[in-house]
Amino acid sequence: MASMLLTSLRSSPLTSVQTAQFAARSLSTSVHLQAQVKSKKTLAKPGMKNIVLVDGVRTPFLLSGTTYADLMPHDLARAALQGLLNRTGIPKEAVDYIVYGEVIQEVKTSNVAREAALGAGFSDKTPAHTVTMACISSNQAMTTGVGMIAAGQCDTVVAGGVEFMSDVPIRHSRKMRKTMLSLNKAKTLGARLSLLGSIRLAHLAPELPAVAEFSTAETMGHSADRLAAAFGVTRLEQDEFALRSHMLAKKAQDSGLLSDVISFKVPGKDIVSKDNGIRPSSMEQLAKLKPAFIKPHGTVTAANSSFLTDGASAVLIMSEEKALAMGYKPKAYLRDFVYVSQDPKDQLLLGPTYSTPKVLERSGLTLNDIDVFEFHEAFAGQIMANLKAMDSDWFAQTYMGRKSKVGVPPMEKFNTWGGSLSLGHPFGATGCRLVTTVAHRLLKEGGQYGLVAACAAGGQGHAMVIEAYPQ
Amino acid sequence: MLVLVSAYTRADGDVVVSRMASARLLLSRSCCTAAKTVTGHGQRSLSVSSAVLARTHVSYEVKDNVAVVRINDPNSKVNTLSKQMQAEMKEVMNEIWGNSAVKSAVLISRKPGCFIAGADINMIQACNTAEEVTSLSQEGQKMFDQIEKSPIPIVAAINGSCLGGGLEFAIACQYRLATKSKKTILGTPEVMLGLLPGAGGTQRLPKMVGLPTAFDMMLTGRNIRADKAKKMGLVHQLVDPLGPGLKSPEERTIEYLEEVAVDFAKGLAGKKVPMEKKKGLVQKVQDFIMGLPPVRKQIYKTVHSKVMKQSQGLYPAPLKIIECVQTGIEKGNAAGYQTESQSFGKLAMTSESRALIGLYHGQVACKKNHFGHPERDVKKLAILGAGLMGAGVAQVTVDKGVSTILKDTTQEGLARGQQQVYKGLNDKTKKKSLTTFERDGIMSLLSGQLDYRGFENVDMVIEAVFEDLSIKHKVLKEVEAVIPPHCVFATNTSALPIKDIAAASRRPEKVIGMHYFSPVDKMQLLEIITTDKTSKDTTASAVAVGLKQGKVIIVVGDGPGFYTTRCLAPMLAEAIRALQEGVGPKKLDSLTTGFGFPVGAATLADEVGIDVAAHVAEDLGKAFGTRFGGGNIEVLKMMVQKGFKGRKSGKGCYVYGAKSKEKTVNSGAEEILKSFKLTAPPAVSGDEDIQYRLMSRFVNEAVMCLQEGILPDPVQGDIGAVFGLGFPPCLGGPFRFVDSYGADKLVQKMKRFEEVYGNHFTPCQLLIDHAKNSSKRFHK
């Protein structure tokens, strides 16, 4: 009966926001009823384990070069791991496996997961590995964990992500490196001197890591600017969206909604307990900025782009059985997920457009079923371009092989607690933030389904459906 | 394998190259493209009158006080500055200038790949006198002068080719934007047509980019990519091409370019955007130096002597360009413009310009498939033999996205071939025409192997194995055992008759000759040879592959030496005779280059390979008898015996040093020549006589190929000779040469040589027919 009501409510055309909210609310109520009666009647698949998010935390996301400046990446990851331990109270030895995502790696800690786990006091018997997939690295960490649980290899996985942009590996030039390596092997003084003599001034120029595609040598901001132009996204639209992100983040922060943030006592500095990149300003101020990538006529500015951020996140993922057996009250089910990829030049940041319909189809849901959307905001222009792509029949038909457009998420359900533009975007850590935020928003707003979608360098993308755990 | 290196491809990239111009012209997508429209007088006057009612080529709208002028020739793929385009443009500009609400303007093309590709060649060709052409030039000058003096700023928004008159238009505007697309190229290719930039280009360019760069642009006619143009100061801003959005990338990119251009136009009108770029220190220093008359004088002198050295004075256009620039700078604008328009008129009437324009049209014709669309596209190609040729063919094939198998019989041969392909592509990354990533993607299409794995899926096999009939037969049989029924078998041979090779085939209708020229990635010609049994679809398929590889294609009949090798052989026989008669290699080279060949005959023999030349001379000698005689073939054989095989062995007529440019005469070869010494008959041994002896044998053989039906038409004969063998571009090819020089005069010369040397110089019947009747011409 409840499910019939549910179906009729979902399929009824909703005309106004109020009705939608009303519907959503009543819908979630009915879900509760249903869930309490039959918990498997949701997106659970026969023969598949239910995998749950027990909880998720993150360090405050800080502008790089601020309070975290003197740390190392594994220090941040350690903080997130310890935060998760404190928050969940899980015994360290109960954790079967740890997976972390990271993009720009500190060469000394290339398997940052292991270093952080050891440093956080996990058992040295708990294996840990690091994954990398640009901005969806921690999504990959989580789905790796999901896969391990689904395959019956373990029951309890900690997944997370970390990015530390205050310090990045700056290398000697290739020629200099070659000389230095040869120097190690040179046996005689003469050979060494002649190698030293071969060093030219130009060899001393360092190599900086760039947020650029290796395949196209185009920086991401440049690509985002072109993408915005391709979809006719104006500067005004981008600035408005950026402002919205900051306003919503500020509101969420002030109302204490960002409960995934843990306090972190930074060695030698104060306790940090808040994100520091949230800066609501005004349209006038935003309009003053000059384009950052395509000069002088571009539209992407420092203010409507996500900023370089330090931060780490962590989530505890378990099989539902195990979680219940250990007495946990999970926050959400992690359901279907997809990875997509497309042209890294002209469609670099269109991941959400491609991944959204794919994951919805896998789950048998439509856009209307989703109560909470959390999209990664790399650039305001990128989000607006994705929204326009999702709203275009022509794009869907020409590039996606679909009969009609994907459809656009309603803005009142979209990133309502701020996003990467305002909260910050530590590349490797953002994915866990998105998933945890969806879980928290579902709990807070009483929705049933949430959708995470993100783009990543390399022209890749990801989406995941998250289902509220019956409370 | 016939290996031909002509200087104009080798020298690609030199500063002042004029004879190379015509070759490079073919590289350019389209320079002054002849409009496909009917340009009859009736049509033109009709369209002029109708233009008053409705303009078809130029339209405009006013957006926020900015007039956006859009050009689009509805009858052609490209925009040209045809009479109608100019007339409509004048009207539109006058309306805009008369509208006080308009504060600035944007000039943009609605065609995705073309801004303005140049003047309309047909318009120039339709003129009968130099005066008429001069007045065309003056009209252009006047129009662009008005643009330059426009009371409101005009922004040229360039996407696609902006060449010749198109560039002259753009540089008359106050501001230029260009898209960073690969299709956006700027340049002044007029020199390649024996002309000069005749609408103010010779006057404006030096002021804009400086004297040395302007000379480089105008004398080479090279294409300049947008990013380079920005560095040179030719354009002010670059606009990025866009990818997929709510419209197709091409459409949206033009729209975006227009939006950006309109913003700049507003900025210029509101004085928010500076018109002039701030000059850097280097620029200031350069300007100062160029301000010194002795420095300029030295530049004129250097450029002049370089042009003379490289063109042998055979091309009038580069010299006129120097004169125009010099006059403009030293004597002022008025004199400069006058010299420009008059020189333009004179050049248009020269035989050199006609020859080069003829080649241009011929090249356009030889870039089409006249055999229809093949039943199946070649999606997978296999090449047998990873030698110089095989690897070269592989490179130009994978470069165009076709998956290719490169098969050799030995690991070493295969490795060498794969390295050649890699190097060819890697060199492009150094020139920045390819990214390393694109290079890797292209390389991934190449599969090097020693066996016939995967041959069951190939659509065409091109064999480039050793030139030996029995080996070719063996390979053909092996291949036919593994390929699918539809697969075409193409053989890359320079002299073996295709029908002899096809004799071993079970399916001769699928056998065809594809004669490439080395180095394959540089030489543009592909000679396709069909036998009586070759099917039309097989030919269509071979032409389609050749076109995909970017080749200029001639399709000829089967016979010993086909067309190109057959023309070259008697000329080389004559060259050997001249050497035996005591003309040294250096002298012989200077006589041939002095006639306009990019490579001298002795050097050419070394490049081809003395062994190959001996092989070909022997084969063709057997096929054609004493007519192909001349020099003693034993000279070549002896040289081969001594290891003087030409450049590849380091010694031939010359000794080649470690650096490719050093060469001295090989004394060993001289000794051999001495032992075969002939007495030079004084009556026919003057410099000019030697030139015409070489030339007439070449030309006579070409005409004979037409007479025998080996050649389908004179156009392909001209194209084959110029692009495959380096026949002087200024003469336009053997057939155009006969037309312009006069068949009767040539026959007279040949008769004189015939008296001394016999049947080597007997003119063929078709040539005699033309000599008898001066109204008979190969080209209309």
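Note that this is a predicted model, so its numbers are computed, not measured.
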Enquirer: Is atom CZ of B:R110 surrounded by more than 12 heavy atoms (other residues, nucleotides or ligands) closer than 6.0 Å?
Expert: no

Enquirer: Could you state the interatomic distance from CG (B:L177) to NE2 (A:H297), rounded to the nearest 0.5 Å?
Expert: 7.5 Å

Enquirer: Tell me, yes or no, whether the heavy-atom count around A:K345 atom NZ, taken from other residues, nucleotides or ligands under 6.0 Å, exceeds 12.
Expert: yes

Enquirer: Can you tell me which portion of A:K295 sits under 4.5 Å from chain B's heavy atoms? Options are side chain, backbone, both or neither.
Expert: backbone

Enquirer: For the residue pair A:D346 and B:L242, what are the closest heavy atoms and their distance?
Expert: OD1-C, 4.5 Å

Enquirer: Less than 4.5 Å to any heavy atom of chain A: does that hold for the side chain of B:Q237, its backbone, both, or neither?
Expert: side chain

Enquirer: Checking an interface table here. Which of residues 244-252 of chain B come within a heavy-atom distance under 4.5 Å of chain A?
Expert: B:P244, B:G245, B:L246, B:K247, B:S248, B:P249, B:R252

Enquirer: Between B:D263, B:L238, B:V260, B:D440, which has the largest tally of heavy atom pairs under 4.5 Å with chain A?
Expert: B:V260

Enquirer: Roughly how far, to the nearest 0.5 Å, is the CD atom of A:E213 from the CZ atom of B:F437?
Expert: 9.0 Å

Enquirer: Provide the closest heavy-atom pair for B:G243 versus A:A230 in the form atom of the first, atom of the second, distance.
Expert: O-CB, 3.6 Å

Enquirer: In terms of heavy-atom contacts, does NE2 of A:H172 have more than 12 from other residues, nucleotides or ligands at under 6.0 Å?
Expert: no

Enquirer: Report which part of A:Y399 has an atom under 4.5 Å of a heavy atom belonging to chain B: side chain, backbone, both, or neither.
Expert: side chain

Enquirer: Checking heavy atoms, do the side chain of B:V239, its backbone, both or neither come under 4.5 Å from chain A?
Expert: both

Enquirer: Can you establish whether the number of heavy atoms outside B:D64 located under 6.0 Å from its atom CG is more than 12?
Expert: no

Enquirer: Sort by residue number and list every residue of residues 216-225 of chain A having at least one heavy atom under 4.5 Å from chain B.
Expert: A:H222

Enquirer: Looking at B:K63, I want to see if its NZ is surrounded by more than 12 non-hydrogen atoms of other residues, nucleotides or ligands under 6.0 Å.
Expert: yes

Enquirer: If you count the non-hydrogen atoms of other residues, nucleotides and ligands that lie under 6.0 Å from NZ in B:K228, is the total more than 12?
Expert: no

Enquirer: Counting only heavy atoms from other residues, nucleotides and ligands, does the tally under 6.0 Å from NZ of B:K231 exceed 12?
Expert: no

